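In what follows, a single structure is set out as C-alpha cells and then discussed.
Everything numeric in this text was worked out from a predicted model, so none of it was measured. Just follow the structure's listing: the first ligand is 1, and inside any ligand the first atom is 1.
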Amino acid sequence: MSALTPRPGIMKIAPYVPGKDSVDGKETIAKLSSNEGALGPSPKAMAAYAQAASELHRYPDGASDKLRTAIGRHYGLDAARIICGSGSDEILNLLVRAYCGPGDELLYSQYGFLMYPINALGVGATPVPAPENGYRADVDAMLAKVTDKTRVVCLANPNNPTGSYVTKDEVRRLQAGLPKNVLLVIDAAYAEYVSKNDYESGVELVDQAENVVMTRTFSKIYGMGGLRLGWMYGPAGIVDTISRLRQPFNVNLAAQMAGVAALEDIAHTDASRAHNDLWLPWLSAEANRLGLAPLPSVGNFLTIGFGSKERAAAANDWLMNDGLIPRMIAGYGMAEHLRITIGTEAEVKAVRDSLQRFVAAGK
Ligand SMILES: *Cc1c(COP(=O)(O)O)cnc(C)c1O
C-alpha cells in the first residue's frame, strides 16, 4: 500500500498568506495590509448584524433571496442571475471547480490576484500567467497564451496588488478573442471605487455573452471582510451550474442581513468613495514628492515602488516599527513594492510622515 497522497497539484500550492494584523512588541497604529474599507462597516449593517444574534439557531435562507433581491435592486440586475457566496473567494473557487480540471489551463495576468493560480492548482489544472506591460494586464499577451487547453481566464479589474485597470474596450477585445468554450471571470472587487469613463465593471459584457461572469465583494468598499460575503452575476447557464455545486447554506444568516442593510446605506458607501477619492491621490502625490514610485491606482490602496527589494523590505520594517502595517507583495513577484491600504485620514497621514522620515534618514 502506498502512503496517503493528496490529489495532484495541491502540494504545489504556496498557501495564501493574508496581510499581517499585528507588529511584534509594538502597538498597532494601523492595519493597512488587507484593503479593508477605511470607514469600516455601515452603522446600519452593524445593527442588522446585532439583530441576527437572536436568530442564530435558524439556518439561513439557502438561496439568499432577500440579499439577491437587494443586490439586484441596487445594481439594476436580474436577481435570478445573481449567486451569493462566502466572500467572492468562494465564488472564484466554485467557478474554477465547475469549469476547470486536471490537464486544463487557467489563464491570468502576471500580477493578477494570487487566488487564481491557487484555485487552478487545487483542481489539478495548470495556472498560466501572461506577461503584463507596466504593471497592467496586457490583453494581447493574454490572448497569445490561449491554447486548446484554456478553460478559464481570470481578470481582476481593477487588479490587486497593482491597482491598475483595463478599459472596457480592452475587456471586450479579450472576450471577443476567446473561444466560446472558455469562461472569462471578471473579478471587480474594487469596482465601486472606480470613476473612470472608460471603465466598466463587467455587467454589460455579462449581458451580451454566454461565457462571462462578474464577481463582486462586500469586503472592500462595504467594509465587511470579517463577515465573508461576495456575489457573482452571470448568464443563466453558469448560474445554474454554480447553483448545483455550491453548498446549500454557503452564506451565513448574519452576512445576509448585514449585506441588505449595507446596500441600503448609500450615504455610507458614498462617504467611503469620497474618502478614497480624497486620500488616494493625496498619498500618491506625497509618495511622488518623496521620490518614491507609486503605481497609478484606482483601488483603495496604493502600491509604491522603492527601487529595490532591499529598500522595500527596509521601508516595510520602518513602517512596522511605527505601528503601520503595509503588505509585502514579494509573493506576487513584486518584491520592490509595498502595497498600502488607504486608511483613515490619520492613518494615511501617519504613513506619509513615516515614509518622510524614512527618506530623510537616507534609507
Ligand atoms: C479582496 C479581493 C477579493 C476577495 O474578496 P472576498 O470577497 O473577501 O473573498 C477578490 N479579488 C480581489 C482582486 C481582491 O482584492
Please work out, at 4.0 Å between heavy atoms, whether the side chain, the backbone, both, or neither of Tyr190 comes within that distance of ligand 1.
side chain
Counting each atom of ligand 1 from 1 as listed, which ones have a heavy atom of Asn160 under 4.0 Å away?
13 (C), 14 (C), 15 (O)
Run the salt bridge (Lys or Arg N to Asp or Glu O under 4.0 Å) test against Glu200 and tell me which residues pass, sequence neighbours left out.
Arg172
Only one of Tyr332, Tyr135, Tyr111, Phe301 passes ring pair (Phe, Tyr, Trp, His ring centres under 6.0 Å) with His337, and that residue is Tyr135
Carboxylate-amine/guanidinium proximity below 4.0 Å for Glu192 and Arg216:
yes
Pair Arg173 + Asp169: basic N to acidic O under 4.0 Å:
no
Contacts satisfying salt bridge (charged side-chain N to carboxylate O under 4.0 Å, His left out) that involve residues 102-122 (not counting sequence neighbours) are none
Looking at Asp207 and Arg81, is any side-chain nitrogen of the basic one under 4.0 Å from a carboxylate oxygen of the acidic one?
yes
Below 3.5 angstrom, do we get any N/O pair linking Thr217 and ligand 1?
yes
Any non-hydrogen atom of Lys220 lying under 4.0 Å from ligand 1?
yes
Between Glu210 and Lys180, is the closest basic N to carboxylate O distance under 4.0 Å?
no
Indicate, as side chain, backbone, both or neither, the part of Glu90 found under 4.0 angstrom from ligand 1 when only non-hydrogen atoms are considered.
neither
Please list the nearest protein heavy atom to atom 5 (O) of ligand 1 with its residue and the distance rounded to 0.1 Å.
Ser88 OG, 3.2 Å
Part of Asp187 with heavy atoms under 4.0 Å of ligand 1, whether side chain, backbone, both or neither:
side chain
Does only the side chain of Ser219 get under 4.0 Å from ligand 1, or the backbone, or both, or neither? Count heavy atoms.
side chain
Are any of the heavy atoms in Ala189 under 4.0 Å away from ligand 1?
yes
Arg228 heavy atoms, cut-off 4.0 Å: which ligand 1 atoms fall inside?
6 (P), 8 (O), 9 (O)
